[in-house]
Amino acid sequence: MNFDLTEEQRLLQKTARDFAEKEVLPRAHEIDRDHRHPAELVSRMAELGLLGVAVPEEEGGAGMDHVSYILAMEEVSRACASTGVIMSVNNSLVCDPISRFGTEAQKRQFLAPLAAGQKLGCFALSEPGAGSDAAAQTTTATRRGEEWVLSGTKNWITNGPVADVSVLFAMNDRDKGHRGITAFIVPMDTPGVSCSAPDDKLGIRGSKSCQIFLDDVRLGADAVLGEVGGGFKVAMSTLDGGRIGIAAQAVGIARAALEDALHYAAERTTFGKRIAEHQAIQQKLADMATEIDAARLLTLRAAHQKDRGERYGKAAAMAKLYAADVANRAAREGIQIFGGNGYVTEFPAERHFRDAKITEIYEGTSEIQRLVITNHLLAEIA
Amino acid sequence: MDFQLTDEQALVRHSAREYAERSLLPRAAQRDRDGTFPEAELRELAELGMLGVNVDDELGGSGAGSLAYALAMEEIARGDASVAVAVGVTNMVAELIAAYGSDAQRAAHVPRLTGGAYLCGSFALSEPQAGSDPASMQTSAEKTSAGWRITGTKQWISHGDRAGLIVVWAVTNKGAGHRGITAFIVRGGAPGLTVSRGEEKMGLRGSTTVQLSLEGVEVPDDDVLVGPGRGFGLAMAALDGGRIGIAAQALGIARGAFESALRYASEREQFGAPIAQHQAIGGMLADGATSLDAARLLTHRAAWLKGAGRPFSREAAMAKLLATERALRVCDDAIQIHGGYGYTRDFPVERAYRDARAAPIYEGTSQIQRLVIARHLLKAVG
């Protein structure tokens, strides 16, 4: 065991932290208030190599490991959770599956510009009637000669309104259930692809999500990512990786809640002393710090397992389940420590509370994570 | 970052696990019922090197390091939490004398602790009126021509009636507060040392807990463990390390309960399916597995830092806080999953629940751990 970061990991962490503190944090309040997609930050992340961290250099990425990726995710999310999820979707849900399942041609055409941040990606799996039950897809993919024709509606597509490319799932053979699902790479300017107005959300308001409508969208055979009928595997293995990214986002949000509350508690005075010196407040701060460290270690462990090529689905589900829970508790206690000031938008505590909630929902709800973990536990003793 | 164990660490864990499964687990319920002290078991554990896992070979220890110690403690506690108490305190006392004792003290006492000649070691800090606030102790030592004479009462002394060696803290300079405390090496059975009370406990019934009366116990100068005035720092440093042991003990107890619940839930059928497949139960199992992994990572991190010779007080407090609190929850859920059977002595989970309840109390309550953590947090923000 070794809990030290490598030189390379530390360097990327520092790069991400400097960027987050100097460029992201000063804008976070305004991005949230105005529901604004931070295009300028996306460009800066591209320059810093943060949009394809774990994509091999020869495929256009930064060529680093997943531990580095989640360290950077935590830093960016600590400053702004919206910017964090833009980063995580591009890295985990778009670059990663194209890197793992794409053909050389697909990698050249799509992965290189996505990993370099010249293009932005989105991941279109959910539908109005298919959330936790992702196999209940109704979007159809019909083969017509050499072409595929896609029709249907995708829901909750993060980055959708601003994406250039989507990794999109559709049912090509309903009789085969989840084995009848295929993944496609769909440029968002393909005729027949359109987006709804962005969702009006509780939190992560700088992250744009929308419905995507597919109206007889015609794609070539080379649009298939992986195998025909292999889409569910693409989706599930991709979400395993995505969960590590969301766990890191949750750790970042939790850390923001703690650090802001700690600074406030060190300054705010009641009953003749700083509130940080009252045991009631100290007990909260200590619990927050302890759980954040535990959540970070679970997340790093999952990333480390992925880097080693081990099976990491259970570790990723644990990391996401725990980190999301911790983020929500930390954000709630953060508000409590700020008192009335925690309830007003002048202070960041309420933003952390709103941002934290989504981590228990997207890329597999906490309830789904528990099912994943239980299935692993039962398989281990079978 | 590397979450892999070294070969040596894996070997120590394997050896502790084998012993625990073969020799501790089968009679743990009996020892609990009868309140039998595990004398033969301690001698066997001494032979396996388990009484000085982190003590150098030349002093009779295993020299396997702090992380190996945490691994061994978890396995032993999974076998029998009462045995783990004796193993934990003996390791702590052996490490303490190895680290702070004079050459003569080291040579005289450490091999007897690690080799089992003393059977076990005790740590006598608490008093009836000095628990979380040990600096308020009343036991005092006055200088005599030949050494020191100790008078006072020590409370909650684990196996203080069995130990061949007891480290006793006493005030040697009354007006100096915590700077006036000295640590002494006292032999079991020393004249004037008596067991004035044995506690009836809800759990850990295979481990004795006694009150010790010291009525003019004479100690030569050579048995002063650290010079007058430095005893308090010694106690705090020892407890930092001890907390890693208790965290590991809590993990072991809870893991035993968890494994029992998982097995039971995969066999017990209700409504036509194993109850593990009911989401209400599966979710509890997933939460339990996740919190145990989270707490174990914190524990291993603290042990690793200690082994690397770095500051670890904050991390040890975090490990103990989370591991002991989550252990209680896991044991509680394990009973719930067993239903009525969990409430009976036919299953081991009610014992685990009783055994685990001490963990958030001894070697610093959870409330004290939070104060320790908060102090570190505040130091960071000034």
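In what follows, chains carry the letters A, B, and so on, assigned in the order in which the sequence lines appear, proteins first and then strands, with residues in each chain numbered from 1.
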### Query
Does A/Q282 reach the side chain of B/R370, with side-chain heavy atoms less than 4.5 Å apart?
no

### Task
May I ask you to decide whether A/E277 forms a salt bridge with B/R375, counting only side-chain N to carboxylate O separations under 4.0 Å?
no

### Query
What residue in A/M1, A/E291, A/K284 has the most heavy-atom pairs under 4.5 Å with chain B?
A/M1

### Closest-packed option against chain A by number of heavy-atom pairs under 4.5 Å, given B/I281, B/T6, B/L305, B/L378
B/L378

### Query
Which bit of B/R296 comes within less than 4.5 Å of chain A, counting heavy atoms only: side chain, backbone, both or neither?
neither

### Message
For B/L67, which atoms come within 4.5 Å of any heavy atom of chain A: side chain, backbone, both, or neither?
### Response
side chain

### N/O donor-acceptor pair under 3.5 Å between A/Q279 side chain and B/L371 backbone
no

### Message
So which residue, A/D293, A/L5, A/I373, A/V67, ends up with the most heavy-atom pairs under 4.5 Å with chain B?
### Response
A/D293

### Query
Which answer fits B/H376, side chain, backbone, both or neither, if we ask what part of it has an atom under 4.5 Å from a heavy atom of chain A?
neither

### Query
Side chain, backbone, both or neither: which part of B/E259 has an atom under 4.5 Å from a heavy atom of chain A?
neither

### Query
Can you list the steps and then say if B/F3 with A/L300 is a side chain to side chain contact (heavy atoms under 4.5 Å, CB included)?
CA-CA 9 Å; B/F3 292 86; A/L300 287 168; 3.9 Å; yes

### Query
Do you know which of A/I281, A/L258, A/I381 has the most heavy-atom pairs with chain B at a distance under 4.5 angstrom?
A/I381

### Query
Which bit of A/E267 comes within less than 4.5 Å of chain B, counting heavy atoms only: side chain, backbone, both or neither?
neither

### Message
Between B/D293 and A/K314 (salt bridge meaning N to carboxylate O under 4.0 Å), is one present in this structure?
### Response
no

### Query
What distance separates A/D325 CG from B/T290 OG1, expressed to the nearest 0.5 Å?
10.0 Å

## Note on the structure
Most contact-rich option vs chain B, by heavy-atom pairs under 4.5 angstrom, among A/R308, A/Q369, A/E367, is A/R308

### Message
What part of A/Q305 gets within 4.5 angstrom of chain B, counting heavy atoms only: side chain, backbone, both, or neither?
### Response
neither

### Message
How long is the straight-line distance from CE of B/M1 back to CD of A/Q9, given to the nearest 0.5 Å?
### Response
7.5 Å

### Message
Other residues, nucleotides and ligands only: do more than 12 of their heavy atoms fall within 6.0 Å of CD on B/E269?
### Response
yes

### Residue part contacting chain A, namely of B/L377, when any heavy atom lies under 4.5 Å
both

### Task
Verify salt bridge (Lys or Arg N to Asp or Glu O under 4.0 Å) between B/D2 and A/R301, making sure each step is shown before the conclusion.
CA-CA 8 Å; B/D2 185 1; A/R301 180 183 66 165; over 6 Å; no

### Query
Could you give the distance from CE (B/M318) to CD1 (A/I292), rounded to the nearest 0.5 Å?
8.5 Å

#### Entry: Portion of A/L321 that has a non-hydrogen atom of chain B nearer than 4.5 angstrom
side chain

#### Entry: OG1 on A/T290 to NZ on B/K320, rounded to 0.5 Å
12.0 Å

### Message
Contact between A/D287 and B/I373 at the side-chain level, heavy atoms closer than 4.5 Å - yes or no?
### Response
no

